[in-house]
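Comments concern the structure below.
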Amino acid sequence: MIFVTEVVSVLVTVLATRAAIAGEAWAFQACIALWLWFTVLFATFAEAVAEGRGRARAESLRRARTETQAKLLLRPDERGIWQPRNAADLRVGGLVLAEAGDIIPSDGEIVQGIASVNEAAVTGESAPVIRESGGDRSAVTGGTLVVSDWIVVRITAAPGSTFLDRMIALVEGAARQKTPNEIALDILLAGMTIIFLIAVASLVGLASWNGAPPSVPVLAALLVTLIPTTIGGLLSAIGIAGMDRLVRFNVMATSGRAVEAAGDVDVLLLDKTGTITLGSRQATGFVTAPGIPEGELAEAAVLSSLADETPEGRSILAFARERHGIIPPALPAGAKVVPFTAQTRISGLDLPSGQYRKGAADAVIRSTIGAVPAALREAVDRIARQGSTPLVVAKDGRLLGAVELKDIVKPGIRERFGALRQMGIRTVMVTGDNRLTAAAIATEAGVDDFIAEATPRDKLQYIRGAQGEGRLVAMAGDGTNDAPALAQADVGVAMQTGTQAAREAGNMVDLDSDPTKLIEVVEIGKQLLITRGALTTFSIANDVAKYFAILPAIFVTR
């Protein structure tokens, strides 16, 4: 419809220019041309503002591939001799060094060393994993972070075939579908434009019978007046208004169409880590060994965590203060800090009062003396089965108990999911965790269904399958592995605390990182649909009325 208006604008402009050159009256034609161009420019500008940033992009994924610096080893047997190299320049077979705090530059296999690696940016899971040379835990992925120790990685992926390259291909291959409302409106506008184009063309013959056929500029103005240009020109403006309304709820939308589509969403797909949960493991309980007071366990856990600057270590201090009123003391002078390493998987502190240790259950148990109480072993197994992480605490080689670390479900999220259910929206949690952990989190969060052990391609296929059934899907995520799904979903809501790739792939960013904010988004989307329906009804009635008001005037004789 706007294209028709643009063609008519060009025609009238040409006629006005020709009249001016020929010395004929041209002012009336020029006025018509100006109004027509104003209509075209308004509609085009509104569309550009509403949709200019709405397309899924892969720039940050490319930057992660090209801007990451690698430590390329010059001598395989000497770890200290290396030179910086861009990740994109690495070749298969090259050896790179990755130390604590470094990002692994490309997919590869560990040939030397052992390290704790945070794969949250890729897998979405918050717990670091141990990767070491040999065995089935030697593969590493580009874009993951080395938390402790060091590793030497042999590059196994050629440029263009790494994990990040596959993610880029998925993001660029994703395409958002038109909603049923958009399709119906497109058909209506096209039909009305064709009908009024035929009607205006037929008026030439009818008016000629009256002896006063209208000029081409007048017919052009009549055509643009009759076709529903109001709808085409204001739809994008309505989308911009919806985007502005979302700002009040701390949601930044880059697509007005996405705001409208939210009004018809019936499936919400949510990533677990960082979206439903806080994304970092927090201390939630103390489990004591037989005969050990909980206060003694809490005090030992605090002392073993004094030098631990990780979120887990800080959470133990906070939990002990909240649960038992233990205020963490300052680190004593002369205290010997035992740092966490991937080899030992234990950390702690040596003080005059004793040696305090905490760490992985099997590692701490091996370093202690005496038999392991059956009740403590059962408690550790139970914590692990529930999807939490048990940290066993010991003092002077004597087991005191365990601290339960858990990825906490965001407060109030269960009630909000209930409200979404009442609105007819089905919530589905998707995670790379095993089914046992996924089931526990899904039950606690109150989602309708969950998908465990999901890969980025699995998420993408699920969304495409639901869209193939005629459903409108919203996706809420925060990780690089969520980017393809965010790009494909009708409404992609990225968490502000997530990666840059996720924020660019989505068409909305939640500044509060609250996935249930979709309730407000849906409400605003429904308001926009009501506004658009009222505008469409008024515009069509107005255009039909104008036609029947103008038609008799053509046959009035002078």
Side-chain angles (χ1 to χ4, degrees), residues 119-120 123-127 129 265-287 311-312 315 319 322-323 361 378-391 402-456 458-459 461-463 465-466 471 473-479 481-482 485 489 493 495 497-498 510 512-519 522:
E119 299 181 341
T123 65
E125 305 312 318
S126 58
V129 295
V265 162
D266 46 18
V267 177
L268 172 59
L269 199 66
L270 304 109
D271 177 53
K272 178 184 76 71
T273 305
T275 304
I276 291 179
T277 63
L278 294 177
S280 62
R281 298 173 300 168
Q282 305 288 313
T284 59
F286 292 124
V287 179
E312 293 83 357
S315 73
F319 184 71
E322 177 184 347
R323 184 78 168 261
E378 291 176 0
V380 169
D381 292 341
R382 174 180 53 80
I383 292 173
R385 286 196 303 269
Q386 291 175 346
S388 301
T389 302
L391 284 184
V403 180
E404 180 180 1
L405 296 179
K406 183 180 179 181
D407 198 357
I408 304 297
V409 172
K410 293 180 179 179
I413 203 167
R414 186 180 184 89
E415 293 74 16
R416 300 281 282 177
F417 283 153
L420 286 171
R421 192 176 298 109
Q422 292 178 355
M423 297 173 69
I425 299 175
R426 184 169 179 263
T427 54
V428 180
M429 184 188 78
V430 59
T431 176
D433 275 337
N434 59 69
R435 291 191 61 83
L436 190 62
T437 302
I441 298 295
T443 301
E444 184 177 356
V447 296
D448 297 318
D449 198 4
F450 67 90
I451 304 172
E453 301 176 351
T455 64
D458 292 335
K459 300 176 186 179
Q461 290 177 347
Y462 181 89
I463 292 177
R471 300 177 180 274
V473 182
M475 169 70 188
D478 69 326
N481 61 325
D482 298 321
V493 184
M495 302 295 106
T497 54
D510 180 10
D512 296 328
S513 297
D514 179 7
T516 61
K517 192 75 68 65
L518 190 70
I519 294 177
V522 169

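Just so it is clear, the values below take in all heavy atoms, side chains as well, and ignore hydrogens, waters and symmetry mates.
Atoms OG and CD, from Ser388 and Gln282 in turn, are 12.0 Å apart once rounded to the nearest 0.5 Å. The OG1 atom of Thr277 sits 9.0 Å away from the CD1 atom of Ile408 when rounded to the nearest 0.5 Å. Rounding to the nearest 0.5 Å gives a distance of 10.5 Å between CZ of Phe286 and CG of Leu391. Taking CG from Asp448 and CE from Met429, the interatomic distance works out to 12.0 Å, rounded to the nearest 0.5 Å. The distance from the CZ atom of Arg416 to the OG1 atom of Thr427 is 13.0 Å, given to the nearest 0.5 Å. The distance from the CZ atom of Arg426 to the CG atom of Leu420 is 13.5 Å, given to the nearest 0.5 Å.
No donor-acceptor pair closer than 3.5 Å links the side chain of Asp381 to the backbone N or O of Glu378. For Arg414 (side chain) and Thr443 (main-chain N/O), a donor-acceptor pair under 3.5 Å exists by modelled atom type.
Taking every heavy atom of both residues into account, Glu404 and Ile383 meet most closely at CG-CG2, 3.7 Å. Looking at every heavy atom in both residues, Pro390 comes nearest to Val380 through CG-CG1, 3.7 Å. Contact between Gly477 and Asp482 at its shortest, heavy atoms only, is CA-OD2, 3.6 Å. For the residue pair Ala485 and Lys459, the shortest heavy atom distance occurs at CB-CB, 4.0 Å. The minimum heavy-atom distance between Val430 and Leu269, with the atom names listed, is CG1-CG, 4.1 Å. The shortest non-hydrogen separation linking Ala379 to Val287 is CB-CG1, 3.4 Å.
Side chains of Ile451 and Tyr462 form a contact here, defined as non-hydrogen atoms less than 4.5 Å apart. Looking only at side-chain heavy atoms (C-beta outward), Thr431 and Ile441 stay at 4.5 Å or farther from each other. Counting heavy atoms from C-beta on, the side chains of Lys406 and Glu444 come closer than 4.5 Å.
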For this session: Begin with the C-alpha distance, continue with both residues' side-chain angles, and end with the deciding distance and a verdict on side-chain contact (heavy atoms from CB on, under 4.5 Å) for Phe450 and Ile276.
Result: CA-CA 12 Å; Phe450 67 90; Ile276 291 179; over 6 Å; no
